[in-house]
Amino acid sequence: MTPITEVAGRRVPLTNLEKVLYPATGFTKAELVHYYATTADALLPHLRDRAVSFLRYPDGPEGQVFFTKNVPPGTPEWVTTAEVPRSSAQGPARMVVVQDLPSLVWAANLVTEFHTHQWLVGSPDEADRLVFDLDPGAPATLVQCCEVALWLRERLAADGIEAYPKTAGSKGLHLLAAVSGASPERTSEYAKALAVAAERALPRLVVHRMTRSLRPGKVFVDWSQNAARKTTATPYTLRARRTPLVSAPVTWDEVADCRSPGRLEFRAEDIAPRLREHGDLMAPLLDRHRAAPLPEAT
């Protein structure tokens, strides 16, 4: 019989809790569900009112890994869903919106990474997030990503935009900022312009094009995640990697002091102590009064 737990008045089935998802550390599905439930106060505000793409890995990162964008079969009727625009040829999709703790625990039982758009479901034509995905090409590492992040921080600040860093939960770094009044297309244009500027300022370190042959030894500043259809790993999501790494918010002091990739590598067990010490370092993104308009296009 499938175990049923009650979460805030909702009955949520939990399956295969003893399954080891991360063999390198012995991290089980029960620990994954526990991680998401105990991190909910920080995680849920970054999921709320955003359509979620699930990157699922029900048999662990070494098993089948696949994206689920449409509402999964068997989704309880109490889980919020929303119609999300896609290309005119495809028509709209219906996607899950994780609004509360029961929905989060239900989604955690699917074994998933959480990925969200840079806009809210009520206003898909207006971006409220700006994102840069800094991806190092070997032999470049997270250390070089931090160098690029510091340059982008200053450049964004010159336009009145405050950026907040988090680890990708793999090998790179993400920068997020709260913005207002611009379409995803305009936000993408602005992000691309800054990526080009970073390449000009740091030609030995940065590339703004995705072409693989250009990337060894450099940091790819991926501006394309700002496109309306794209999603990015949500703060605090676990990642489908060899160990239970988390896309963890970090301080700018930690970025500036990073001398080895391991300095900014955080697993599930590291997050509760960090939240006690720092709180949610990305909480300012949730304050609409701190959202900055993009500068006028030139």
Side-chain angles (χ1 to χ4, degrees), residues 1-82 84 93-116 121 169-170 231 233-249 266-276 280:
M1 181 178 293
T2 300
I4 302 289
T5 188
E6 185 168 305
V7 182
R10 301 292 190 185
R11 290 168 57 81
V12 182
L14 300 176
T15 57
N16 301 318
L17 292 176
E18 72 288 348
K19 180 186 287 187
V20 175
L21 296 176
Y22 295 86
T25 62
F27 191 82
T28 65
K29 184 176 178 182
E31 290 174 292
L32 177 144
V33 173
H34 180 264
Y35 166 77
Y36 279 129
T38 55
T39 312
D41 285 348
L43 171 58
L44 274 172
H46 297 287
L47 290 170
R48 199 167 282 127
D49 296 329
R50 296 181 192 276
V52 174
S53 293
F54 299 122
L55 182 65
R56 296 184 58 192
Y57 52 111
D59 295 313
E62 297 174 1
Q64 186 182 16
V65 179
F66 56 96
F67 261 111
T68 299
K69 290 183 177 288
N70 295 322
V71 176
T75 298
E77 62 180 12
W78 44 262
V79 171
T80 300
T81 64
V84 173
R94 182 155 289 276
M95 299 175 66
V96 167
V97 185
V98 178
Q99 297 288 71
D100 51 30
L101 182 58
S103 300
L104 178 63
V105 173
W106 163 78
N109 187 63
L110 300 177
V111 183
T112 185
E113 296 181 5
F114 295 94
H115 293 244
T116 45
V121 291
S170 52
T231 58
T234 307
Y236 303 105
T237 187
L238 280 162
R239 303 306 304 267
R241 299 296 184 264
R242 185 171 177 272
T243 60
L245 293 170
V246 174
S247 184
F266 302 103
R267 298 182 183 180
E269 64 268 22
D270 299 319
I271 301 306
R274 287 184 63 80
L275 286 170
R276 286 194 294 270
D280 177 14

Mind checking whether [X] and [Y] have side chains closer than 4.5 Å, heavy atoms only?
| X | Y | result |
| --- | --- | --- |
| Val111 | Leu32 | yes |
| Phe66 | Pro58 | yes |
| Leu47 | Tyr236 | no |
| Pro72 | Val96 | yes |

[X] versus [Y], closest heavy-atom pair with distance:
| X | Y | answer |
| --- | --- | --- |
| Arg10 | Trp78 | CZ-CB, 3.4 Å |
| Arg241 | Glu113 | NH1-OE2, 4.0 Å |
| Met95 | Lys69 | CG-O, 3.1 Å |

In this structure, CG of Asn16 is separated from CG of Asp59 (nearest 0.5 Å) by 9.0 Å
Output for pair (Ile271 CD1, Thr38 OG1), nearest 0.5 Å, gives 10.0 Å
Testing Thr116, Asp280, Val98 one by one against His46 for a side-chain contact (heavy atoms from CB on, under 4.5 Å), which residue passes? Asp280
Would you say Tyr36's side chain and Leu238's backbone share a donor-acceptor pair under 3.5 angstrom? yes
Side chain Thr112, main chain Phe54, donor-acceptor under 3.5 Å: no
Surrounding CD of Glu269 (heavy atoms of other residues, nucleotides or ligands, distance under 6.0 Å), is the total greater than 12? yes
Can you establish whether the number of heavy atoms outside Asn70 located under 6.0 Å from its atom CG is more than 12? yes
Aromatic ring proximity Tyr35/Phe27, centre distance under 6.0 Å: no
Assess the residue pair Thr81 and Arg94 against the criterion (side chain to side chain donor-acceptor pair (under 3.5 Å)); give the C-alpha distance rounded to whole Å, side-chain angles, the decisive distance to 0.1 Å, and a yes or no. CA-CA 6 Å; Thr81 64; Arg94 182 155 289 276; 3.0 Å; yes
Show your working on side-chain contact (heavy atoms from CB on, under 4.5 Å) between Thr237 and His115 and close with a plain yes or no. CA-CA 8 Å; Thr237 187; His115 293 244; 5.7 Å; no
